[in-house]
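Report on one structure; see the data block that follows.
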Amino acid sequence: MAVISEGLDRRGVGWRRLAAIVADSRDLLGWLFMLPAAALLLVFLLYPLGLGLWLGLTNATLGEPGEFIGFGNFVTLFSDDVYWLSVFNTILYTVVASAAKFMLGLWLAILLNQHMPFKAFIRAIVLLPWIVPTVLSAIAFWWLYDSQFSIISWALRHLGLIKTNIDFLGNPLNARISVIIANVWRGIPFVAISLLAGLQTIPSSLYEAAVLDGATAWQKFRFITLPMLTPIIAVVMTFSVLFTFTDFQLIYVLTRGGPINATHLMATLAFQRAIPGGQLGQGAALASSMIPFLVASVMFSYFGLQRRKWQQGGRD
Amino acid sequence: MTEITRRDAIKLGTAAALTAGASGLVPGSNAFAQTAFAPKPEAGASLKVLRWKRFVQGDEDVWTANTKKYSDASGVPVRVDSENWEDVRPKSAVAANVGSGPDIIITTNDDAQKFPNKLLDVSDLAEYLGGKYGGWYPVCDRYSKRDGKWIGIPMGCAGNALVYRKSHVQKAGFETIPKDLANYLKLCQNLKKNGTPAGFALGHATGDANCWTHWCLWAHGGKMVDEKNQVTLDSPETLAALEYAKQLYPTYIDGTLSWLDPSNNKAFLTGECSLTSNGISIYYAAKTSTDPAQKAMADDIFHSNFPVGPVGMPTEQNLFFNMIIFKYSKYPNAAKDYLRFMMEKEQYFPWQTASIGYTAHPLAAYAENPFWTEDPKSLPYRDAVKVMRDNGYSGTLGAESAQCMADFLIVDMFAKACTGSVTPQEAAKQAHEQAKRIYKA
């Protein structure tokens with residue numbers, strides 16, 4: 001018994017010593033604290049990403065794991081006109097919608113930064129489009145854009161401004177514009193509120209000094225607001241671009257990618273190929289082909305917008 | 001295509017009944033299956049069923065009541081979950097891939113053909129039901145069999161007939177829907193002139209757009225592939241179909257290029273259009289409405305089958321329902337027994353009646369359901385399974401046909417030609433190349 005208890009004591013001492021070493025070492029402790037987050041990322045981010053990339057290199061179908069076929073799916077995709085149309089649609093959708101969201105969001109943020117009655121209430125209201133589930137807002141837009149029952153067409157007809165209903169989603173160009181507007185409406189609050197938070201961190205002394213120097217409103221914006229806001233713009237726009245590029249629900253509810261694939265995005269086409277079409281491998285390859293675009297936009301944000309020179313109001 | 005007439009069905013039914021008596025003498029035969037097929041649910045069995053959400057209330061009410069009847073009789077608890085019919089597809093895909101989920105899923109069209117190896121062989125049940133109820137209609141073999149085995153039990157199909165306002169059609173100079181293409185076009189033109197146009201979906205409407213465009217293609221003799229799965233879309237027949245559709249399109253109400261599945265229901269029920277293709281749900285909604293205006297409209301709503309084209313036979317494409325049991329189910333016997341129970345005449349007839357024939361039967365003997373003659377308005381839906389073609393026609397169903405359908409290949413070909421975004425020749429050519437890529441891959 002004495003021997004066993006001595007052994008246990010020794011082991012207890014060993015553990016305590018190990019704990020003390022870890023506690024004393026900032027590096028080890030840091031790694032230890034990061035472990036849960038790393039495990040979560042590994043399971044819920046890295047594994048699905050890895051699996052998606054792998055599936056893209058196989059001819060997997062629903063229920064069948066398939067075999068490794070190298071870049072076969074990509075070769076097939078690159079010769080597919082519908083794929084290239086979806087790439088074009090996605091880039092157009094992302095660029096136009098993100099630019100509109102940025103400009104309108106910044107404008108709204110500056111407005112909301114002014115002193116006004118019911119400021120908190122108005123700020124909360126502005127967030128509504130962002131809070132409402134996308135599917136619900138998409139259904140609302142589906143009604144607004146309905147070829148027969150659109151309230152917009154109804155109002156314009158009754159005002160005598162148009163004679164027939166506007167074909168919001170029944171014409172490729174109109175459909176593209178309409179889905180972009182719906183996306184912008186939904187995305188503005190995120191940009192506006194985030195930029196508003198950024199605006200409020202800018203010290204008022206900078207503006208006071210600028211006033212003393214006789215700066216105009218534009219100069220204050222150009223040389224104080226914009227440079228001070230650039231770090232947060234980088235983060236906000238990175239997220240905004242990512243959300244827009246990978247949009248699915250809005251298109252799925254409004255058009256299913258129609259008419260004649262005019263609003264098909266890469267995400268909706270990937271789903272269409274993988275699930276209703278049953279070609280998991282091809283769907284995964286299509287989804288994987290979005291990665292370079294996403295990485296490029298992240299790189300632009302981090303290595304471009306966060307450049308200190310730009311943030312200080314300078315140019316290259 | 002084998003034609004099964006009502007007389008044949010009665011003969012088959014009688015033969016089945018007679019052979020059933022001798023079942024004990026011929027083990028292993030269909031006749032044996034008829035009397036001997038009674039899978040005993042596993043001890044402690046319980047079932048989860050995923051089905052599409054009802055289009056007509058009567059369907060859900062009686063399906064639920066029948067399920068309860070089964071649970072009471074067998075002691076097997078059954079939970080039935082309903083989802084929008086297009087959302088059932090991703091869920092069944094996940095179930096097939098992950099190997100976990102509902103025991104039974106009621107799928108649409110060729111879903112079962114996408115993952116046949118994951119499905120329980122239900123040949124014994126299918127043979128039992130077919131033997132007892134006059135045989136399955138031919139299209140059931142195509143959708144529910146793979147390599148000679150039954151991988152699903154056909155539930156029927158949502159017939160897609162022409163739904164029209166009789167008074168408007170009469171005003172357009174026709175007593176009823178013409179049976180030939182030339183007069184049908186004339187009717188649509190007259191309806192447009194009268195301000196009561198037709199409306200057929202040309203957007204990515206999985207059900208409605210596919211139904212009428214496939215009808216038009218097949219009616220002219222065009223088809224995606226031949227019997228050997230060789231793509232044959234770029235043909236004079238396809239061109240004829242596209243030229244015909246191009247004449248039809250201007251007669252439609254504005255905006256059909258954006259129509260999804262619910263759009264024509266809304267437009268018809270609000271009086272915006274007076275001819276469309278749909279299941280019987282439009283009529284059901286008007287008939288059961290408490291709004292007097294809708295009730296009045298119900299009196300004016302009639303149904304008709306699509307006109308027959310130069311091929312000289314019906315060429316309809318309907319939404320087929322297949323009930324599948326996954327191999328991973330712990331209670332395969334209970335699952336089979338549940339499906340057997342639900343498909344037996346005692347349950348099927350009241351269910352079909354309550355849903356006013358929304359689901360047309362797949363078994364020949366069920367044409368005898370008195371409901372079909374009680375309300376003649378539903379008669380055009382009666383033979384929907386009997387006359388329909390599968391979406392892989394005339395090749396084999398599988399991954400390729402599913403992808404063509406998922407990609408709205410036929411719908412978009414028609415949309416391009418109808419709207420003039422490209423010429424009919426170019427539309428056929430582009431769709432042909434796209435189909436070749438899919439069938440080659």
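Worth knowing before you read on, the calculation uses all heavy atoms, side chains too, and leaves out hydrogens, waters and symmetry mates. Below, chain A is the first sequence line, B the second, and so on; all start at residue 1.
Contact annotation for B:Ser92: neither backbone nor side-chain heavy atoms come within less than 4.5 Å of a heavy atom of chain A. When heavy atoms are compared at a cutoff of 4.5 Å, B:Gln434 approaches chain A solely by way of its side chain, counted from C-beta outward. Residue contact with chain B, scored on non-hydrogen atoms closer than 4.5 Å, involves the backbone and the side chain of A:Asp80 alike. With a threshold of 4.5 angstrom between heavy atoms, A:Phe168 does not approach chain B through any atom at all. Heavy-atom distances place the backbone of A:Val253, and not its side chain, under 4.5 Å from chain B. For a residue to count as touching a neighbouring chain, one of its non-hydrogen atoms must lie under 4.5 Å from one of that chain's; by this rule B:Ser401 does not touch chain A.
Between chain A and the residues B:Lys416, B:Met413, B:Glu86, the largest count of heavy-atom pairs under 4.5 Å involves B:Glu86. Of the listed residues (B:Ala93, B:Ala96, B:Ser263), the one with the most heavy-atom contacts under 4.5 Å to chain A is B:Ala93. When B:Val98, B:Thr419, B:Thr270 are compared by the number of non-hydrogen pairs under 4.5 Å with chain A, B:Thr270 comes out ahead. Ranked by heavy-atom pairs under 4.5 Å with chain A, the list B:Val94, B:Ile253, B:Val411, B:Thr206 is led by B:Ile253.
Looking only at side-chain heavy atoms (C-beta outward), A:Thr61 and B:Lys114 stay at 4.5 Å or farther from each other. Between B:Asp254 and A:Asn165 the shortest side-chain heavy-atom distance does not fall below 4.5 Å.
At least one donor-acceptor pair closer than 3.5 Å links the side chain of B:Lys118 to the backbone N or O of A:Gly63.
At a heavy-atom cut-off of under 4.5 Å, chain B is reached by A:Trp142, A:Trp143 from residues 134-143 of chain A, listed in order of number. At a heavy-atom separation below 4.5 angstrom, chain B is approached by A:Ser147, A:Gln148, A:Phe149 within residues 147-156 of chain A.
Separation of atoms CD1 (B:Ile438) and OG1 (A:Thr76) is listed at 11.0 Å; rounding is to 0.5 Å. With rounding to the nearest 0.5 angstrom, the CG atom of B:Leu260 is 8.5 Å from the CG atom of A:Leu254. Between the CD atom in B:Glu433 and the CG atom in A:Asp81 there is a gap of 9.5 Å [rounded to 0.5 Å]. Here the CG atom belonging to B:Leu257 is positioned 10.5 Å from the CG atom belonging to A:Asn174, to the nearest 0.5 angstrom. Put simply, OG1 on A:Thr255 and NE2 on B:His204 are 8.0 Å apart, with the number rounded to the nearest 0.5 Å.
A donor atom on one side chain and an acceptor atom on the other are found under 3.5 Å apart for A:Asn261 and B:Asp412.
What you find for A:Ser79 and B:Arg437 is that their closest heavy atoms are OG-CD, 4.1 Å. Residues A:Gln279 and B:Ala399 share a closest heavy-atom pair of NE2-CB, 3.1 Å. Annotation for B:Ala415 and A:Ile260: closest pair CB-CG1, 3.7 Å, computed over non-hydrogen atoms.
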